[in-house]
*Asks:* 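Just dropping this structure here.
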Amino acid sequence: MASVVKINVLTVPAEQREVLEKRFASRAGSVEGADGFEWFELLRPLEGTDQYLVYTRWRDEASFQAWMEGSMKAAHGGGQGGGPQGQGGPQGEGGERPKPAATGSTLWSFEVVQSAAPKA
């Protein structure tokens, strides 16, 4: 069975980049213990776009869906506000949710057909 890759494409205005990156830094470790989780990367654009890529790799689609319905949903306030990753974050003062750092979010899904690692 091939792994699946989920790429959340986040449109982030320049003035919100630091906010987004800090939110991801503060959530470090929140997905790593999920059953079927294989890899995570937050990719910052260097030129020509305002879109960050949130790359996660999973053993299978069921593992990703279980995470989405379980710990991810709980971390994002039961699924209210925010997006699949990095937009919601913790509650602000007075219990209100902070403004999302991203202005848009699209989720891409892929199946791993080939992969390679450096030779030892």
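Heavy atoms only: backbone and side chains are in, while hydrogens, waters and symmetry mates are out.
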*Asks:* What is the distance from atom OG of S3 to atom CZ of R57, rounded to the nearest 0.5 Å?
*Replies:* 5.5 Å
*Asks:* Within the 3.5 Å criterion, strictly below it, is a donor on S109 or K6 matched to an acceptor on the partner's side chain?
*Replies:* yes
*Asks:* So Q51 and V12, side chain to side chain contact (heavy atoms under 4.5 Å, CB included) or not? Walk me through it.
*Replies:* CA-CA 6 Å; Q51 294 180 316; V12 183; over 6 Å; no
*Asks:* Tell me the closest heavy-atom pair linking S30 and W67, and the distance in Å.
*Replies:* O-NE1, 4.3 Å
*Asks:* Is there a side-chain contact between V54 and L10 in this structure, where contact means two heavy atoms from C-beta onward sitting under 4.5 Å apart?
*Replies:* yes
*Asks:* Using the ring of each side chain (for Trp, its six-membered ring), is F110 parallel, tilted or perpendicular to W108, with breaks at 30° and 60°?
*Replies:* perpendicular
*Asks:* Cation-pi between R23 and Y52: NZ/CZ under 6.0 Å from ring centre and within 45° of the ring axis?
*Replies:* no
*Asks:* What I'd like to find out is whether the side chain of V4 reaches to under 4.5 Å of the side chain of D60, using heavy atoms alone.
*Replies:* no
*Asks:* Side-chain contact, heavy-atom cut-off 4.5 Å: W58 with W39?
*Replies:* no
*Asks:* Report the C-alpha separation of T106 and N8 in whole Å, then their side-chain angles, then the decisive distance to 0.1 Å, and conclude whether the side chain to side chain contact (heavy atoms under 4.5 Å, CB included) test is met.
*Replies:* CA-CA 6 Å; T106 302; N8 193 11; 5.7 Å; no
*Asks:* Does one hydrophobic cluster hold both L42 and V31, with members joined at side-chain heavy-atom distances below 4.5 Å?
*Replies:* yes
*Asks:* Closest approach of V19 and A101, non-hydrogen atoms and distance?
*Replies:* CG1-CB, 4.0 Å
*Asks:* Distance alone, cut at 3.5 Å: any donor-acceptor contact between the side chains of E61 and Q65?
*Replies:* yes
*Asks:* With a 4.5 Å cut-off on side-chain heavy atoms, are D35 and R59 touching?
*Replies:* yes
*Asks:* Should T103 and P13 count as side-chain neighbours, where that means a heavy-atom distance under 4.5 Å?
*Replies:* yes
*Asks:* Rounded at 0.5 Å granularity, tell me how far OG1 in T11 sits from CD in Q16.
*Replies:* 12.5 Å
*Asks:* Give the C-alpha distance, both sets of side-chain angles, the deciding distance and a yes or no for salt bridge (Lys or Arg N to Asp or Glu O under 4.0 Å) between R17 and E21.
*Replies:* CA-CA 6 Å; R17 285 181 166 202; E21 291 180 23; over 6 Å; no
